[in-house]
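When reading the values below, keep in mind they use all heavy atoms of this one structure, side chains included, and skip hydrogens, waters and symmetry mates.
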Amino acid sequence: MKQIRVLLAKAGSDGNNQHALGIAQLCMAFRDHGMEVISTGLRQSPEQIAQAAVQEDVDVVGLSSLSGEHRLLFPEVVEALRARNAVEIPVIGGGIIPAEDISYLEEKGTKKVFTSDATTDALAAYIKRLIGPEYMAPKKIAHIGIAVRSINKSLPFYHDVLGLTVEKIEDVDTEQVKVAFLKIGETRLELLEPLDEQSSIHRFLDKKGEGLHHLAFEVDDLDERLSVYRLQGIRLLNKTPVAGADNSRIAFFHPDASGRVLIELCQHEEGE
């Protein structure tokens with residue numbers, strides 16, 4: 001997954017120890033979330049902040065203000081970035097900012113303004129969403145899961161009629177299923193047969209019969225993604241990864257999160 005680069009800057013003339021400590025704590029918190037953090041230090045002008053953002057090729061600029069100069073300085077940073085043809089770098093802000101100033105700052109180009117009681121986890125989650133598709137998009141469709149009552153009875157159609165190659169057949173004890181993978185282009189079909197009545201596939205077959213069960217997307221850094229989704233309040237069937245087929249780690253979204261389509265995320269070991 002692409003590492004997010006964040007420039008943290010103190011905006012305004014207030015350079016006391018409390019502010020320096022706050023910036024240092026933000027740096028540590030964002031690094032704990034896997035981000036690369038560049039700090040400009042205290043008492044930087046909007047021009048200096050914008051220049052540093054361009055030179056460091058950052059993904060986002062975070063401004064902190066305790067001095068009451070935010071109404072002037074935040075928009076000036078936005079304008080300084082625009083003057084350097086770097087308007088695509090979003091600016092977010094926080095600190096001691098009255099609620100009535102938030103809409104003004106956002107109208108002037110600050111992407112998001114956080115109140116003083118916002119948690120570092122909330123800030124990190126927002127930044128990850130802000131960077132968006134480039135950061136969070138899956139790599140490809142790993143496979144399409146199809147629930148069947150018997151792999152032996154279903155294989156002749158996919159293998160003999162469609163001519164697909166069977167890559168492997170294995171039992172997945174954590175999910176109580178037997179799976180068969182068939183290669184098709186850059187993705188695969190995964191036939192899923194329940195091993196016992198406790199299997200979710202067995203319950204699916206009893207309720208809906210044979211057919212499409214789920215879509216699986218290949219991703220990097222599955223643990224990090226799940227932490228982002230949890231912070232966003234997205235419903236998950238697996239809050240942490242579990243062992244899947246083909247030497248993978250997997251997790252499922254709750255169907256309510258994806259329009260009743262069951263979505264699986266899977267991460268394979270490097271080279272698999």
Side-chain angles (χ1 to χ4, degrees), residues 1 3-46 48-50 52-53 56 58-81 89-132 135-136 221 223-236 239-240 254 257:
M1 190 182 293
Q3 187 177 36
I4 297 175
R5 291 171 59 83
V6 181
L7 178 74
L8 285 181
K10 187 268 178 191
S13 58
D14 181 17
N16 60 32
N17 291 336
Q18 179 187 0
H19 208 167
L21 178 60
I23 292 290
Q25 290 173 338
L26 270 178
C27 287
M28 289 187 291
F30 287 169
R31 285 168 182 152
D32 287 343
H33 278 273
M35 302 180 192
E36 183 177 357
V37 182
I38 299 96
S39 179
T40 64
L42 304 179
R43 296 189 179 92
Q44 296 291 301
S45 71
Q48 290 171 317
I49 293 170
E56 296 288 347
V58 300
D59 297 297
V60 60
V61 172
L63 301 178
S64 176
S65 175
L66 301 181
S67 64
E69 300 173 273
H70 48 270
R71 286 180 65 93
L72 177 65
L73 296 175
F74 284 18
E76 286 186 354
V77 172
V78 173
E79 288 303 315
L81 286 169
I89 301 176
V91 175
I92 65 174
I96 301 177
I97 298 175
E100 56 267 25
D101 287 348
I102 292 176
S103 60
Y104 170 82
L105 294 174
E106 292 180 352
E107 288 172 3
K108 292 295 185 180
T110 305
K111 191 72 175 178
K112 179 76 171 179
V113 178
F114 290 89
T115 59
S116 58
D117 59 352
T119 66
T120 55
D121 284 342
L123 269 66
Y126 176 79
I127 290 172
K128 290 173 181 179
R129 294 199 309 272
L130 183 62
I131 300 307
Y135 179 73
M136 296 298 292
D221 297 331
D223 296 276
E224 175 69 11
R225 288 172 181 271
L226 293 179
S227 71
V228 173
Y229 298 140
R230 290 196 301 270
L231 289 171
Q232 293 174 357
I234 296 173
R235 296 186 68 184
L236 300 166
K239 293 185 178 180
T240 58
H254 191 284

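- Here CE of Met35 is found 8.0 Å from CD1 of Ile131. Values are rounded to the nearest 0.5 Å.
- Put simply, the side chain of Ser65 does not reach to within 4.5 Å of the side chain of Ile96, judged on heavy atoms.
- Nearest heavy atom pair, residue Pro46 against residue Glu76, reads CG-OE1, 3.3 Å.
- With rounding to the nearest 0.5 angstrom, the CD1 atom of Ile92 is 13.0 Å from the CG atom of Leu105.
- Heavy-atom minimum distance, Ile49 versus Lys10: CD1-O, 4.3 Å.
- In this structure, the side chains of Ile38 and Val58 come closer than 4.5 Å at one or more pairs of heavy atoms.
- A donor-acceptor pair shorter than 3.5 Å cannot be found between the side chains of Ser103 and Glu106.
- Between the CD atom of Glu56 and the CD1 atom of Ile89 there is a distance of 11.0 Å, given to the nearest 0.5 Å.
- Atoms CG and NE2, from Leu63 and His70 in turn, are 12.0 Å apart once rounded to the nearest 0.5 Å.
- Contact check for Thr110 versus Val77: no side-chain heavy atoms found under the 4.5 Å cut-off.
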Next on the checklist: Applying side-chain contact (heavy atoms from CB on, under 4.5 Å) to Phe74 and Glu79, what does each step give before you reach the verdict?
Outcome noted: CA-CA 9 Å; Phe74 284 18; Glu79 288 303 315; over 6 Å; no
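- A salt bridge is defined here as a Lys NZ or Arg NE, NH1 or NH2 lying under 4.0 Å from an Asp or Glu carboxylate O, and Arg5 with Asp59 fails to meet this definition.
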Checklist entry - Given the rule in the side-chain contact (heavy atoms from CB on, under 4.5 Å) test, do Val6 and Glu36 qualify, once you have shown the distances and angles that lead to the verdict? => result CA-CA 6 Å; Val6 181; Glu36 183 177 357; over 6 Å; no
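- Atom CD of Gln25 and atom CG of Leu8 lie 12.0 Å apart (nearest 0.5 Å).
- The distance from the NZ atom of Lys128 to the CZ atom of Phe30 is 10.0 Å, given to the nearest 0.5 Å.
- No side-chain donor from either of Asp121 and Thr119 sits under 3.5 Å from a side-chain acceptor of the other.
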Next on the checklist: Evaluate Thr115 against Ile97 for side-chain contact (heavy atoms from CB on, under 4.5 Å), listing each step before the verdict.
Outcome noted: CA-CA 7 Å; Thr115 59; Ile97 298 175; over 6 Å; no
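- Just one residue in the list Val37, Thr40, Val91, Val60 forms a side chain to side chain contact (heavy atoms under 4.5 Å, CB included) with Leu7, and that residue is Thr40.
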Checklist entry - What's the verdict on side-chain contact (heavy atoms from CB on, under 4.5 Å) for Lys239 and Leu226, showing C-alpha distance, side-chain angles and the deciding distance? => result CA-CA 7 Å; Lys239 293 185 178 180; Leu226 293 179; over 6 Å; no
